[in-house]
Amino acid sequence: MTYVISEPCIDVVDRACVDECPVDCIYEGKRALYIHPDECIDCGACEPVCPVEAIFYDDDVPGVWAGFTADNERFFSEALPGRDEPLASPGGAAKLGPLGVDTELVAGYPPQDQ
Ligand code: SF4
Ligand code: SF4
């Protein structure tokens, strides 16, 4: 099980959750952040600090955003645009910094009004 970042993060990316994560498993794409499902320890520290309530325990992701559970996983398991290899398990987001790319799902969203 894992926590999941869903649609409301798109085009917000304020990184408030990153500061709370004790294992540095929240990775920054271009328009959203993604939680590594195997590196997350399910501590729940990130969930209450999100200003737009984008973070859910995977059992609790609202149905309309159910696709984001697999999509967070895809960010690591599939090769992203411009990369030959999947990210796999980097073991920490800080050393990578903003990756500048998103999954197809997130990249396909129209700009989100804030
Ligand atoms: S639940 Fe804990 S370990 Fe998982 S992403 Fe949130 S802060 Fe990090
Ligand atoms: S706190 Fe919420 S909106 Fe901010 S980067 Fe994290 S998931 Fe996205």
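Counting convention: from 1, in listed order, for ligands and their atoms alike. Both backbone and side-chain heavy atoms feed into the values below; hydrogens, waters and symmetry mates do not. None of the values given here were measured: they were computed from a predicted structure.
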To the nearest 0.5 Å, what is the distance between CG on D71 and CD on E104?
9.0 Å
N/O donor-acceptor pair under 3.5 Å between N72 side chain and I35 backbone:
yes
Please report the interatomic distance SG(C9) to CH2(W65), rounded to the nearest 0.5 Å.
11.5 Å
Could you tell me, atom by atom, which parts of ligand 2 come under 4.0 Å of a heavy atom of V13?
5 (S)
Give the atom numbers and elements of ligand 1 that come within less than 4.0 Å of a heavy atom of P22.
7 (S)
Using modelled atom types and a 3.5 Å cut-off, is there a donor and acceptor pairing between side-chain atoms of Y27 and backbone atoms of G92?
yes
Nearest protein heavy atom to atom 4 (Fe) of ligand 2, by residue and atom, and its distance?
D14 OD1, 1.9 Å
Where ligand 1 meets Y3 - atom numbers and elements under 4.0 angstrom, heavy-atom basis
1 (S)
Could you tell me if the side chain of E39 sits less than 4.5 Å from the side chain of P90, heavy atoms only?
yes
To which protein heavy atom is atom 8 (Fe) of ligand 2 closest, and what is the distance rounded to 0.1 Å?
C9 SG, 2.3 Å
At less than 4.0 angstrom from any non-hydrogen atom of V23, what atoms of ligand 1 do you find?
3 (S)
pair L99-R83: side-chain heavy atoms closer than 4.5 Å:
yes
Considering only non-hydrogen protein atoms, determine which one is nearest to atom 5 (S) of ligand 2 and report residue, atom name and distance to 0.1 Å.
R15 N, 3.2 Å
With heavy atoms and a 4.0 Å threshold, my read on which part of I55 contacts ligand 1 is neither
Give a yes/no on ligand 2: does V49 have at least one heavy atom closer than 4.0 angstrom to it?
no
Does P51 have a non-hydrogen atom less than 4.0 Å from ligand 2?
yes
Can you confirm whether M1 sits close enough to Y57 that some side-chain heavy atom of one is under 4.5 Å from a side-chain heavy atom of the other?
yes
Numbering as shown, the atoms of ligand 2 that approach V12 to under 4.0 Å (heavy-atom distance):
3 (S)
Distance from atom 1 (S) of ligand 1 to nearest protein heavy atom, with residue and atom
G44 N, 3.2 Å
Would you mind listing which atoms of ligand 1 come within a distance below 4.0 Å of any non-hydrogen atom of C46?
1 (S), 5 (S), 6 (Fe), 7 (S)
For atom 2 (Fe) of ligand 2, what is the closest protein heavy atom, and at what distance to 0.1 Å?
C50 SG, 2.3 Å
Which atoms of ligand 1 have any heavy atom of I26 under 4.0 Å away?
5 (S)
Atom 8 (Fe) of ligand 1 and C25: any N/O/S contact shorter than 2.8 Å?
no
Should you measure from each heavy atom of V52, which atoms of ligand 2 turn up under 4.0 Å away?
3 (S)
Please classify the I41 to ligand 1 contact at 4.0 Å (heavy-atom distances, strictly less than): side chain, backbone, both or neither.
both
Whether Q112 side chain and P110 backbone form a donor-acceptor pair below 3.5 Å
yes
Looking only at heavy atoms of C17, does any of them come nearer than 4.0 Å to an atom of ligand 1?
no
Measuring from atom CG of L33 to atom CD1 of I55, what distance do you get when rounded to the nearest 0.5 angstrom?
8.5 Å
Between H36 and A88, is there a donor-acceptor pair closer than 3.5 Å when you use the side chain of the first and the backbone of the second?
yes
For the atom pair CG (D58) and CG (D42), what is the distance rounded to the nearest 0.5 Å?
7.5 Å
If only atom types and distance count, is the side chain of D24 paired as donor or acceptor with the main-chain N or O of A94 below 3.5 Å?
yes
In ligand 1, which numbered atoms sit nearer than 4.0 Å to a non-hydrogen atom of C43?
1 (S), 2 (Fe), 3 (S), 7 (S)
